[in-house]
K.L.:
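Below is a structure I'd like to ask you about.
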There are 2 protein chains.
Amino acid sequence: MDETSIIGDPRITLFGRLVEAYASLRQQLDDEMQQEVGLPLLWYGVLLHIGRSPEGVRPMSELTEATAFTSGGVTRLVDRMEAAGYVERRPCPTDRRVQYVGLTETGREILERGSEVHIRGIQEHMLDRLGPGEVEELDRLLYKLAH
Amino acid sequence: MDETSIIGDPRITLFGRLVEAYASLRQQLDDEMQQEVGLPLLWYGVLLHIGRSPEGVRPMSELTEATAFTSGGVTRLVDRMEAAGYVERRPCPTDRRVQYVGLTETGREILERGSEVHIRGIQEHMLDRLGPGEVEELDRLLYKLAH
DNA sequence: CGAAAGTACTTGACGTGTCAACTATTGACT
DNA sequence: AGTCAATAGTTGACACGTCAAGTACTTTCG
């Protein structure tokens with residue numbers, strides 16, 4: 001509406017691109033996960049985070065970091081995932097304030113199935129669209145932005 | 001926990017990087033916008049979208065695209081922004097089903113102030129962290145992923 | 001023209017996250 | 001040891017988005 005206004009500044013679009021790419025990929029990967037495994041991508045991320053930890057267990061506090069939720073949000077998320085039978089709370093032997101969260105047998109199974117779908121999605125929607133060397137380049141650039 | 005499991009696949013991390021970069025930047029830009037202008041980044045995005053359209057007005061339906069919300073979500077979002085005095089609904093002369101959304105005077109002012117903050121944030125958290133040519137490269141790669 | 005299908009938006013019921021206050025436990029300092 | 005600040009997690013009240021049904025208007029087509 002006003003060509004001389006600051007709102008036309010082209011710098012704004014770089015962040016816009018990041019938002020677009022993120023939103024579009026997230027949408028597709030989430031849809032596929034829901035469709036084929038019946039699991040929200042968020043839940044898959046939590047299962048993966050726990051499943052990848054060497055002790056097979058993570059304290060609630062660390063899930064707040066991983067999810068970027070508040071502690072209250074994680075309490076409720078774990079409540080639901082526990083009710084669904086994917087995870088379980090376990091007491092921490094050295095600090096009774098801490099709640100560990102570990103995978104149930106069902107949780108492990110669905111994490112395995114989810115991972116197949118997730119990897120296929122990433123292959124299809126990300127890796128296959130980039131040329132040789134571009135994957136490493138993108139990874140490097142995104143790393144610089146996040147740290 | 002199990003080195004032979006599919007969950008260790010390194011391909012998973014590329015999407016993880018995108019999530020990290022997006023979450024980290026979004027957080028910082030949103031904090032700054034809230035702090036300095038008292039505006040959620042989401043609202044800023046809507047004001048910008050409307051402010052950049054040549055007619056100075058956008059139909060609700062287009063805001064659903066821009067925000068990736070459902071139509072009901074946009075109705076409520078615009079309700080709140082209208083109550084805050086930043087936008088106003090205007091009837092569409094050619095189709096009485098359509099609601100146009102336009103900026104109020106206050107909305108224009110805050111969009112202007114928000115843009116200064118937003119551009120400064122992008123400069124600081126994105127452009128300044130990348131080397132020469134890397135901005136164009138990142139933009140190109142993100143574009144490929146989103147389309 | 002008039003009925004039926006389509007489109008734009010709104011609304012009620014509900015799911016899921018935040019915020020701030022609270023409980024329980026631990027660590028630090030005298 | 002004994003108090004007091006810090007930390008981990010939960011909870012009630014609330015904010016904000018989705019989903020599906022509803023209203024109003026428009027377009028299509030026999």
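A note on names: the letters A, B, ... follow the listed sequences, proteins ahead of strands, and every chain is numbered from 1.
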K.L.:
Report the nucleotide, chosen from C:dC9, D:dG9, C:dG17, that has the shortest atom-to-atom distance to any side-chain atom of A:Phe69.
P.N.:
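Nearest to the side chain of A:Phe69 among the choices is C:dG17.
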
K.L.:
Applying ring pair (Phe, Tyr, Trp, His ring centres under 6.0 Å), name anything that partners B:Tyr22, two or more places apart in sequence or on another chain.
P.N.:
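B:Tyr22 satisfies ring pair (Phe, Tyr, Trp, His ring centres under 6.0 Å) with A:Tyr22 once adjacent residues are dropped.
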
K.L.:
Give a yes or no on whether A:Val117 and B:Ile6 share a hydrophobic cluster (residues Ile, Leu, Val, Met, Phe, Trp, Tyr; joining criterion: side-chain heavy atoms under 4.5 Å apart).
P.N.:
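Result: yes, single cluster for both.
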
K.L.:
Is there a side-chain contact between A:Arg96 and the phosphate of D:dA8, meaning an N or O under 4.0 Å from OP1 or OP2?
P.N.:
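Checking D:dA8 against A:Arg96, no side-chain N or O comes under 4.0 Å of OP1 or OP2.
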
K.L.:
Are any of the side-chain nitrogens in A:Glu137 or B:Arg140 under 4.0 Å away from the carboxylate oxygens of its partner?
P.N.:
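No, this pair does not count.
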
K.L.:
Could you check B:Leu141, B:Val19, B:Leu18 and say which one makes a side chain to side chain contact (heavy atoms under 4.5 Å, CB included) with A:Leu142?
P.N.:
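Looking at B:Leu141, B:Val19, B:Leu18, the match for A:Leu142 under the side chain to side chain contact (heavy atoms under 4.5 Å, CB included) is B:Leu18.
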
K.L.:
When you measure from the side chain of A:Thr106 to the backbone N and O of A:Tyr86, does any donor-acceptor pair fall under 3.5 Å?
P.N.:
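Such a contact is absent between A:Thr106 side chain and A:Tyr86 backbone.
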
K.L.:
Take the protein atom CG of B:Leu63 and the nucleotide atom P of D:dG17, then report the distance between them rounded to whole Å.
P.N.:
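Atom CG in B:Leu63 sits about 13 Å away from atom P in D:dG17.
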
K.L.:
For DNA chain C, which residues of residues 26-49 of chain B approach it to below 4.0 angstrom with any heavy atom?
P.N.:
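DNA chain C contact set from residues 26-49 of chain B: none.
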
K.L.:
In terms of side-chain geometry, is the basic nitrogen of A:Arg26 or A:Asp31 positioned less than 4.0 Å from the acidic oxygen of its partner?
P.N.:
no

K.L.:
How about A:Phe15 and B:His118: are their ring centres within less than 6.0 Å of each other?
P.N.:
yes

K.L.:
Do you know the tightest heavy-atom contact between B:Tyr44 and B:Gly114?
P.N.:
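Heavy-atom minimum between the residues: CE1-C, 3.6 Å.
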
K.L.:
Grab the CE-C1' distance between B:Met81 and D:dC16 for me, whole Å please.
P.N.:
14 Å

K.L.:
Show each protein N/O and nucleotides 3-7 of chain D N/O combination with a separation under 3.5 Å, one pair to a line.
P.N.:
{"unit_1": "D:dT7", "atom_1": "O2", "unit_2": "A:Arg97", "atom_2": "NH1", "d": "2.9"}

K.L.:
Any base atoms under 4.0 Å from A:Arg76, or only sugar-phosphate, or nothing? Heavy atoms, all strands.
P.N.:
base

K.L.:
Nearest-Å distance, CG (B:Asp95) to C1' (C:dA8)?
P.N.:
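Going from B:Asp95 (CG) to C:dA8 (C1'), I get 7 Å.
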
K.L.:
Taking the nucleotide of DNA chain C with the nearest heavy atom to each, does A:Thr94 or A:Val74 sit closer to the 5' end?
P.N.:
A:Val74

K.L.:
Rounded to whole Å, how long is the line connecting atom CZ of A:Arg90 with atom P of D:dG9?
P.N.:
15 Å

K.L.:
The side chain of A:Met60 is closest to which nucleotide in this list: D:dT10, C:dT25, D:dG17?
P.N.:
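The answer is D:dT10.
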
K.L.:
Could you tell me whether the phosphate oxygens of D:dT10, OP1 or OP2, come under 4.0 Å of any side-chain nitrogen or oxygen in A:Arg89?
P.N.:
yes

K.L.:
Select from A:Gly73 and B:Ser71 the residue whose nearest nucleotide in DNA chain C is closer to the 5' end of that strand.
P.N.:
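It is B:Ser71, whose closest nucleotide lies nearer the 5' terminus.
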
K.L.:
Picking from C:dT11, C:dC19, C:dT25, which would you name as closest to the side chain of A:Thr70?
P.N.:
C:dC19

K.L.:
Are B:Arg129 and B:Glu134 close enough for a salt bridge, meaning some N to O gap below 4.0 Å?
P.N.:
no

K.L.:
Which whole-number value in Å describes the distance from B:Arg58 CZ to C:dA8 P?
P.N.:
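The distance from CZ of B:Arg58 to P of C:dA8 comes to 14 Å, rounded to the nearest Å.
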
K.L.:
What's A:Ser61 touching, base or sugar-phosphate or nothing? Going by heavy atoms closer than 4.0 Å.
P.N.:
sugar-phosphate

K.L.:
Please give, in whole Å, the distance from D:dC25 C1' to B:Gln99 CD?
P.N.:
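Between C1' of D:dC25 and CD of B:Gln99: 12 Å.
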
K.L.:
Give a yes or no on whether a salt bridge exists between B:Arg113 and B:Glu116, defined as a side-chain N under 4.0 angstrom from a carboxylate O.
P.N.:
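No.
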
K.L.:
Have a look at B:Asp79 and say if it touches a base, only the backbone sugar-phosphate, or nothing, with a 4.0 Å heavy-atom cut-off.
P.N.:
nothing

K.L.:
Within the structure, does a side-chain N or O atom of B:Arg80 lie under 4.0 Å from either OP1 or OP2 of D:dC16?
P.N.:
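For D:dC16, OP1/OP2 do have a side-chain N/O of B:Arg80 under 4.0 Å.
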
